[in-house]
Amino acid sequence: MSSPKLKRRGIFITLEGIDGTGKSTQFRQLVKHLKRLGYRVRATREPGGTRVGEQVRAILLASRTQRLAPLAELALMYAARAQHLEEVVRPALARGEVVVSDRFNDASFAYQGSGRKLGVATVRAFDRVVCGETQPDLTIVLDLNPRVSLERAQGRERRRNSAHGRFEAEGLAFHARVRNGYLAIARQEPRRVKVVRSDRPVAEVQAEIRRLVGQFLAGRRQ
Ligand SMILES: Nc1ncnc2c1ncn2[C@@H]1O[C@H](COP(=O)(O)OP(=O)(O)O)[C@@H](O)[C@H]1O
Ligand SMILES: [Mg+2]
C-alpha cells in the first residue's frame, strides 16, 4: 500500500512566515507545550527533516551564487516535500500523532509562487500531485515587516557565525512579495490559516499561538 493511502488520524499544524519572524523560536516552545499537555508530538521542519531533504537543502545553498531556475527551485522543494511526507508526516499522522512542522507547503506558494513570481496555478499543480489530501489542519503565519525580520535573521546568523541562507540574500522587495503571498493565503483560507503579529515579545506571541492551537484542538475533541 502506498503511503498516500495511509488513513489519517493525527493533526497537522504548520508554522509559516518570512525569515526572522520567529518561527523556530515559537516552534520549539509550542512543541514543548503540546508535549507537556500529553500529546504525542512529531516535530519536524522543511526543507530538511529527512536525509534526502538535507541533501536538497545543500543543493539549494550551493546554488546560491548561481542562478537556479525558479521552476528548478520549486521542483527541488517538492522533491524534498515528497520525501518528508513519505518518511515523516504521513506515518506520524497515521499513528494519530500531532505533527508540527517549521514550514510546509504554504512556503512554496509564498516563496516560489509570489516571491519568484511563478504564480499560484503552477505551485498548485505540484501540490496536488505531491501533497494531495495531506494538507495542514492549522497554519500559523507569523507576520512582521521584512525590514525588521531580516534584521533579526541577520543578527541570528552573525551570532552563529554562519553565512546567510539562500533567501536571506534576497532584497526587501522579494520578502515583501513573500509576506504578501502568506497574507493572501490567510485571506483565502481564514479557517485554517491564522495570522499572528510577531512585532512583540516572544512570550506574547507564544501565548497567542497557544490560544489558537488550544482552540483548534478543543474543536477537534468534540
Ligand atoms: N518576538 C521576538 N522579538 C525579538 N526577537 C525575536 C523574537 N522572536 C525571535 N527573535 C529573534 O530573532 C531571530 C530569528 O528568530 P527565528 O526563530 O530563528 O526566526 P525564523 O525561524 O522565523 O527565521 C533570533 O535571533 C531570535 O532570537
Ligand atoms: Mg527558522
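Keep in mind that the numbers below use all heavy atoms, side chains included, and drop hydrogens, waters and symmetry copies. Just follow the structure's listing: the first ligand is 1, and inside any ligand the first atom is 1.
The heavy atom nearest to atom 9 (C) of ligand 1, out of those in T25, L15, I18, is found in T25. When Q206, E204, R156 are ranked by how near their heavy atoms come to atom 23 (O) of ligand 1, first place goes to R156. Between the choices R200, R152, R159, the shortest heavy-atom distance to atom 25 (O) of ligand 1 belongs to R159.
Under the 6.0 Å distance and 45° angle rule, R116 does not count as a cation-pi partner of Y111.
Less than 4.0 angstrom separates some heavy atom of V202 from each of these atoms of ligand 1: 1 (N), 2 (C), 7 (C), 8 (N).
The number of protein N/O/S atoms found under 2.8 Å from the Mg ion (ligand 2) is 1.
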> Could you walk me through whether T139 and T14 pass the side-chain hydrogen bond (donor to acceptor under 3.5 Å, both in side chains) check?
Replying inline: CA-CA 5 Å; T139 298; T14 59; 2.8 Å; yes
>> Using salt bridge (Lys or Arg N to Asp or Glu O under 4.0 Å), reason through R200 and E208 one step at a time and then give a plain yes or no.
In response: CA-CA 11 Å; R200 48 202 175 131; E208 186 171 345; 2.4 Å; yes
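Of the N and O atoms on the side chains of R177 and S114, not one donor lies less than 3.5 Å from an acceptor on the other residue.
The main-chain N or O of A94 is found under 3.5 Å from a side-chain atom of R9 such that the two form a donor-acceptor pair. Side chain of Q135 to backbone of G132: a donor-acceptor contact under 3.5 angstrom is found.
Close N/O approach between P201 and ligand 1 is not found [any backbone or side-chain N/O within under 3.5 Å]. At a 3.5 angstrom cut-off on N or O pairs, A153 does not count as close to ligand 1.
For G17, the closest heavy-atom approach to ligand 1 does not fall below 4.0 Å.
Remark: L142 CG to I18 CD1 distance equals 10.0 Å, nearest 0.5 Å.
More than 12 heavy-atom neighbours from other residues, nucleotides or ligands sit within 6.0 angstrom of CD on E189.
Residues L15 and L37 are members of one and the same hydrophobic cluster, defined by side-chain heavy-atom contacts under 4.5 angstrom among Ile, Leu, Val, Met, Phe, Trp and Tyr.
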